[in-house]
Amino acid sequence: MSTMVKLISQEGEIIEVDQETVMLSVLIKSMIDDSGTEEDIPLPNVSKSILEKVLEFCKHIKEHPLQEIEKPLKSANLRDIIPEWYDDFVDVEQETLFEVILAANYLDIKPLLELACAKVATMVKGKSVLDVRKTFNIENDLTPEEEAQILEENKWAEEAIQ
Amino acid sequence: MESDQDSLLLQLNIGCLSEIVTFVPLKQALQLRLVSRKLNQAVCYGWRLRIYQIEALMKHCNTKLKEGFEDKTVEDYKDMCEHQGCIIDDLNVYVENGFKFNTPRPHYMNIGYLLKPSRFVTIPLITSMILLGWDPQTSNMSSFKNEKDILKLWHKCRLNFRNKNVKKYHDAFKVSEVSMERVSTCKRILSLHQDLTFTQIKSLSSLAANMFSWSNLVIKYFEIDQQIKPLGIRQIEDKISEYERTEKKMMQVFDRILAHQNF
């Protein structure tokens, strides 16, 4: 029988999960290595709903490994690159997606971080600067001088990259 | 660095943002620098890290090669990679010039300037193509003098070679596996050129020999490729080659940019 560990979410709620599943998180693994499985593991940066989503990913990837996602993306449709389940998993509201990214970064779960980042990249791929600003509600905070400098610095790419 | 913007995307830290932008093709990623200050930093930071990754992969690749092969095989392999482009270029020139009248061909002077240029290309090329497995009956090229069709054939062949789809060529070039039917088709085609003198045929044959020395290179390439595959470095190499061309310039640009930014 597998050992269970207790994770404490941002709201103070306890989620019990088997040790093998959470070992995908480098942060949790190092905490278990240091203090064992007896002690509760506080995760103050992760809300309960996001933690549950992260654990859903950890459980699934154990049974259905996800290959490393190739950089840069070959398609703007994630379904062309990864299995359907993973595409559905990140097909969520922007707010949730960014929370998953922050949680994956905090918990140090590389495949989840890559998956969620790749999803955001599909929302960027092929879009103009103006479209990207619109999609993500970004204001242009660059000065005209800074913009001119970037354009100058980018000139080489026009010739060097096809 | 926290952003004072409302954008949820910009609430992510530079590390996460830089991970995102490395999934975007470099050319577009560089344009994303114009979206906002934080995204500008993320692009530079992310792609700088990506270059480090690529460098690490290259080192890993070289180590694997050294561990997995004798020095001679490594040299053969590198030589093969270098020559691959040259072979294609040479054949390109050969095919293109072959169609031009009055083109001096110093290595094959015996052919004579009045020889129909299509033959200059047709005989060796078509013979090779038939041995490769191409069925001339399906392409309506009974005379094999249609420049457009021959070039189309050559482009198809070149594309396969460029895409490293060499197994097909490797198998087809094994003479022992070429059916009698195919050999007789070659003979039939050559019989269409019975008006050529012996010297001319001989010169054309030397061109055909060139084609087949190319086929030997394909075979060698394939064999080395098969040895390399289990080491898992081919995929890595493909990735690396995608960035190698721009890497040096990227390093210079990102170094300069990052020198003026604080993270």
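A note on names: the letters A, B, ... follow the listed sequences, proteins ahead of strands, and every chain is numbered from 1. Values below: all heavy atoms of this structure, side chains included; hydrogens, waters and symmetry mates excluded. All values reported here derive from a predicted model rather than from experimental measurement.
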* Working to the nearest 0.5 Å, report the span between CG of B:Leu10 and CG of A:Asp141. => 8.0 Å
* Quick one: CG on A:Asn137 to CG on B:Leu8, what's the gap to the nearest 0.5 Å? -> 8.0 Å
* A:Lys6, NZ: over 12 other non-hydrogen atoms inside 6.0 angstrom -> no
* Residue by residue, scan residues 14-37 of chain A and write down, ordered by number, those that have a heavy-atom distance under 4.5 Å to chain B; if none do, write 'none'. => none
* Return the set of residues passing side chain to side chain contact (heavy atoms under 4.5 Å, CB included) with A:Asp131 (not counting sequence neighbours), or none when no residue passes. => A:Lys127, A:Ser128
* To do: Give, for atom CG of A:Asn140 and atom CZ of B:Arg37, the distance between the pair rounded to the nearest 0.5 Å.
  => 9.5 Å
* Asked: Any side-chain heavy-atom pair from B:Gln28 and A:Val124 closer than 4.5 angstrom?
  -> yes
* side chain to side chain contact (heavy atoms under 4.5 Å, CB included) assessment of A:Asn105 paired with B:Leu12 -> CA-CA 10 Å; A:Asn105 187 49; B:Leu12 297 177; over 6 Å; no
* Ion pair check, B:Glu19 and A:Lys71, cut-off under 4.0 Å -> yes
* To do: Let me know if A:Leu130 has heavy atoms under 4.5 Å from chain B in its side chain, its backbone, both or neither.
  => neither
* For atom CD of A:Glu52, is the number of surrounding heavy atoms from other residues, nucleotides or ligands below 6.0 Å larger than 12? -> yes
* Asked: Would the number of heavy atoms belonging to other residues, nucleotides or ligands and lying under 6.0 Å from CD of A:Glu139 be above 12?
  -> no
* Nearest-0.5 Å distance that lies between atom CG in B:Leu39 and atom CZ in A:Phe136 -> 9.0 Å
* To do: Only counting residues at least two apart or in another chain, list the ones meeting salt bridge (charged side-chain N to carboxylate O under 4.0 Å, His left out) with A:Glu93.
  => none
* Structure fact -> Taking every heavy atom of B:Leu34 against every heavy atom of A:Leu142, the minimum-distance pair comes out as O-CD1, 3.4 Å
* **Toward chain B: residues of residues 114-123 of chain A with heavy atoms under 4.5 Å** => A:Glu114, A:Cys117, A:Ala118, A:Val120, A:Ala121
* To do: With the side chain counted from C-beta on, respond yes when A:Pro72 and B:Val24 share a heavy-atom pair under 4.5 Å apart, and no when they do not.
  => no
* Structure fact -> Separation between CZ (A:Arg133) and OG (B:Ser36), nearest 0.5 Å, reads 8.0 Å
* Do B:Leu9 and A:Ile138 come close enough that some side-chain heavy atom pair is under 4.5 Å? -> yes
* Interatomic distance, B:Asn40 atom CG to A:Ile150 atom CD1 [nearest 0.5 angstrom] -> 4.0 Å
